[in-house]
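All values below were derived from every heavy atom in this structure, side-chain atoms included, with hydrogens, water molecules and symmetry-related copies excluded.
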Amino acid sequence: MRRSRSVMLRLNEDEYDALARAKPDGEDLASFARATLVEAVSGREPGGPMRRVASFIVACLSPEITFEEALALFDEHATPDGAGVADGRRD
């Protein structure tokens with residue numbers, strides 16, 4: 001299948017270093033990042049890898065939020081056990 005969609009992430013030095021350290025020797029960094037992201041979001045466990053990947057992406061896309069703050073936001077707004085929220089908010 002031909003890939004036709006792109007996502008650009010801006011990483012700070014710490015985020016880039018963390019990604020580079022996790023990459024197996026000899027593997028392309030972009031391929032590793034793609035495979036890791038796809039694997040993480042394929043699972044639907046809110047407390048699992050999807051939580052960290054979603055928080056990582058939010059932190060990368062927003063210069064005003066850190067990874068730890070993104071984790072807290074995920075925990076605050078993720079619905080437990082797949083339960084839906086009527087208007088997308090919890091207020």
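- For Ile65, the side-chain contact (heavy atoms from CB on, under 4.5 Å) partners two or more places apart in sequence, or in a different chain, are Val58, Ser62, Glu69, Ala70, Leu73.
- Taking CD of Glu15 as the start and CZ of Phe67 as the end, the distance is 8.5 Å to the nearest 0.5 Å.
- Not counting sequence neighbours, the partners of Arg10 by the side-chain contact (heavy atoms from CB on, under 4.5 Å) test are Met8.
- For the side-chain contact (heavy atoms from CB on, under 4.5 Å) test, residues two or more places apart in sequence or in another chain that qualify with Asp14 are Asn12.
- Here Leu29 contributes atom CG and Tyr16 contributes atom OH; the two are 5.0 Å apart, rounded to the nearest 0.5 Å.
- Looking at heavy atoms from C-beta onward, Phe56 lies in side-chain contact with Leu11 at the 4.5 angstrom threshold.
- Under the side chain to side chain donor-acceptor pair (under 3.5 Å) criterion, the residue pairs touching residues 24-33 are Asp28-Ser31, with sequence neighbours excluded.
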